[in-house]
There are 2 protein chains.
Amino acid sequence: MNGLTIHEAAPITGWSPRMLRYIERVGLVEPARTAAGYRLYGPEQLQRLRTLRELLAQHGFGLAELGFALRLRDEPELRAAVDQWLDAVPERPAEVSPDDWLRWEQEKHQALLAAVNLREMEIA
Amino acid sequence: MNGLTIHEAAPITGWSPRMLRYIERVGLVEPARTAAGYRLYGPEQLQRLRTLRELLAQHGFGLAELGFALRLRDEPELRAAVDQWLDAVPERPAEVSPDDWLRWEQEKHQALLAAVNLREMEIA
DNA sequence: CCAACCTTACCAAAAGATTGTCAAGGTTGG
DNA sequence: CCAACCTTGACAATCTTTTGGTAAGGTTGG
């Protein structure tokens, strides 16, 4: 039996047994298992669980956010989509010429009508 | 008046005025302002708001998660802390020698006692 | 074999995120 | 100046996430 059971690991790490299972389901800190399926927390896992407490406490975020950060590094497609959206047009809207703005103003009413049409299409 | 007001931008983007303010508070899509403080949505913001709809719908996550991804790129300290935690010991716990495991087993009882002491210190 | 563990799977309370609505007040175009 | 916008802020309904508990059943050490 090379590791601590969930009820032994709980008081050491500061998490409840319930939360240790939850943390595992989110994908952070996955302990080894015995042949029968019992969780076994080794030194690495215990250390990780302790630092996890500090990490969440010091910067103000939760398990969901950290789980999302994990997804971002595990799923390249997701990472790419998010990065692409975040990278888009962060610059000042100053490079638009007066002509463009004029055209924009003229198309404003048109755009509103288009939106109404879109709404109707969604309803139908 | 180079841009759409919040009630004009709403039907075009598919978000409600309330949500446009919420999206701004999360840090995604911040429109320009008039001297009096009125929000002005330009072509970039409108495009961003439309793609935001798709992004959230296609991959299953919400504004909070995307807001956290934004924080990760805006706050280097946060990024470093999260990366450091996620990078830690992802390898199999197979490199531990039997001697180490023996020592670990012997220290197990000791660790539990230490945990109890810690608990008492927190209470006091 | 039995007491004391462990497992998964639910139900539900507490907390947080999302969304609407309303109130009090400032801005603007005619 | 007035109607029709806009602003921020607060309260609240709703939905999801977080957390605890409990039930039904398998595992283990003595």
Side-chain angles (χ1 to χ4, degrees), chain A residues 1-42 45-46 49 52-53 55-57 59-71 105 108-109 112 119 122, chain B residues 1-42 45-46 49 52-57 59-71 105 108-109 111-112 115 119:
Chain A
M1 185 76 90
N2 50 10
L4 299 190
T5 69
I6 194 171
H7 283 273
E8 290 169 335
I12 290 181
T13 60
W15 297 100
S16 67
R18 179 68 173 80
M19 284 309 294
L20 289 181
R21 297 196 182 95
Y22 185 67
I23 289 170
E24 182 179 2
R25 207 156 55 80
V26 181
L28 318 162
V29 189
E30 307 184 343
R33 297 289 188 124
T34 70
Y38 285 22
R39 291 174 177 80
L40 289 182
Y41 291 87
Q45 281 79 43
L46 296 177
L49 286 168
L52 178 57
R53 280 205 139 294
L55 184 64
L56 300 188
H59 318 80
F61 59 88
L63 294 171
E65 282 95 335
L66 193 57
F68 186 68
L70 183 62
R71 282 189 63 191
E105 193 64 21
K108 188 162 141 179
H109 186 232
L112 283 167
R119 176 67 58 93
E122 285 171 353
Chain B
M1 185 76 91
N2 50 8
L4 298 191
T5 70
I6 194 170
H7 283 273
E8 290 169 336
I12 290 181
T13 59
W15 297 100
S16 66
R18 179 65 172 82
M19 285 309 296
L20 289 181
R21 296 197 182 95
Y22 185 65
I23 290 169
E24 182 179 3
R25 206 156 54 82
V26 182
L28 319 161
V29 190
E30 308 184 342
R33 299 289 188 125
T34 70
Y38 285 22
R39 290 174 179 80
L40 289 182
Y41 291 88
Q45 282 80 44
L46 295 176
L49 286 167
L52 178 58
R53 281 205 140 294
E54 301 172 16
L55 183 65
L56 300 188
H59 318 79
F61 58 88
L63 295 171
E65 281 96 334
L66 193 58
F68 185 67
L70 182 61
R71 282 190 60 191
E105 193 64 19
K108 186 160 139 181
H109 186 233
L112 283 167
R119 175 67 57 95

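These figures come from a predicted structure and were not determined experimentally. Numbered from 1 within each chain, the chains take letters A, B, ... in sequence-line order. Quick note: numbers below take in every heavy atom, side chains included, and nothing from hydrogens, waters or symmetry partners.
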message: Under 4.0 Å, heavy atom to any atom of DNA chain D: which of residues 61-71 of chain A qualify?
response: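 Per residue number, the list reads A/Leu63, A/Ala64.
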- prompt: Between CG of B/Leu70 and CG of B/Leu63, what distance do you get to the nearest 0.5 Å?
  reply: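 Going from the CG atom of B/Leu70 to the CG atom of B/Leu63 covers 12.0 Å.
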- prompt: Would you call B/Glu24 and B/Arg39 a salt bridge, taking side-chain N to carboxylate O under 4.0 Å as the test?
  reply: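 Yes, charged N to carboxylate O under 4.0 Å.
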Restricting to non-hydrogen atoms, name the atom on [X] and the atom on [Y] that form the minimum distance, rounded to 0.1 Å.
{"X": "B/Gly67", "Y": "B/Val26", "value": "CA-CG1, 3.9 Å"}
{"X": "A/Gly14", "Y": "A/Arg53", "value": "O-NH2, 2.9 Å"}
{"X": "B/Ala9", "Y": "B/Leu46", "value": "CB-CD2, 3.7 Å"}
{"X": "A/Gln45", "Y": "A/Leu40", "value": "OE1-O, 4.5 Å"}
{"X": "B/Glu8", "Y": "B/Gly3", "value": "OE1-O, 4.5 Å"}
{"X": "A/Arg33", "Y": "A/Gly37", "value": "NH1-O, 2.8 Å"}

message: Output one letter per nucleotide in nucleotides 1-7 of chain C: B when a protein non-hydrogen atom lies under 4.0 Å from the base, S when only the sugar-phosphate is that close, - when neither is.
response: ----BSB
field: First of A/Ala35 and A/Pro17 reached from the 5' end of DNA chain D, by closest nucleotide
entry: A/Pro17
- prompt: With respect to the phosphate group of C/dT27, does any side-chain polar atom (N or O) of B/Thr34 fall under 4.0 Å of OP1 or OP2?
  reply: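 It does not, given that no N or O in the side chain of B/Thr34 lies less than 4.0 Å from OP1 or OP2 of C/dT27.
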- prompt: OP1 or OP2 of C/dT18 less than 4.0 angstrom from a side-chain nitrogen or oxygen of B/Tyr22, does that happen here?
  reply: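 Checking C/dT18 against B/Tyr22, a side-chain N or O does come within under 4.0 Å of OP1 or OP2.
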Set of residues satisfying side-chain contact (heavy atoms from CB on, under 4.5 Å) with respect to B/Arg18, sequence neighbours excluded: B/Ser16, B/Tyr22
message: Using the ring centroid of each side chain, check whether A/Phe68 and B/Phe68 are separated by less than 6.0 Å.
response: no
query: Is B/Thr13 close to B/Tyr41 at the side-chain level, that is, under 4.5 Å between some pair of heavy atoms?
result: no
Whole-Å distance separating the [atom1] atom of [X] from the [atom2] atom of [N]:
{"X": "B/Arg25", "N": "D/dT7", "atom1": "CZ", "atom2": "P", "result": "15 Å"}
{"X": "A/Leu28", "N": "D/dT17", "atom1": "CG", "atom2": "C1'", "result": "14 Å"}
{"X": "B/Met19", "N": "D/dC15", "atom1": "CE", "atom2": "C1'", "result": "13 Å"}
{"X": "B/Leu20", "N": "D/dT8", "atom1": "CG", "atom2": "P", "result": "13 Å"}

statement: Taken in chain and number order and not counting sequence neighbours, the residues that satisfy salt bridge (Lys or Arg N to Asp or Glu O under 4.0 Å) with A/Glu30 are none
message: Stem finding on DNA chain D, please: runs of three or more consecutive Watson-Crick or G-U wobble pairs, both distances under 3.5 Å, sorted by first number.
response: C:1-30 with D:1-30
- prompt: Out of B/Leu55, B/Leu49, B/Ile23, which residue meets the side chain to side chain contact (heavy atoms under 4.5 Å, CB included) rule with B/Leu28?
  reply: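 Testing B/Leu28 for a side chain to side chain contact (heavy atoms under 4.5 Å, CB included) against B/Leu55, B/Leu49, B/Ile23 leaves exactly one candidate, B/Ile23.
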Show me the protein contacts with nucleotides 12-16 of chain C, counting only N or O atoms at under 3.5 Å.
none

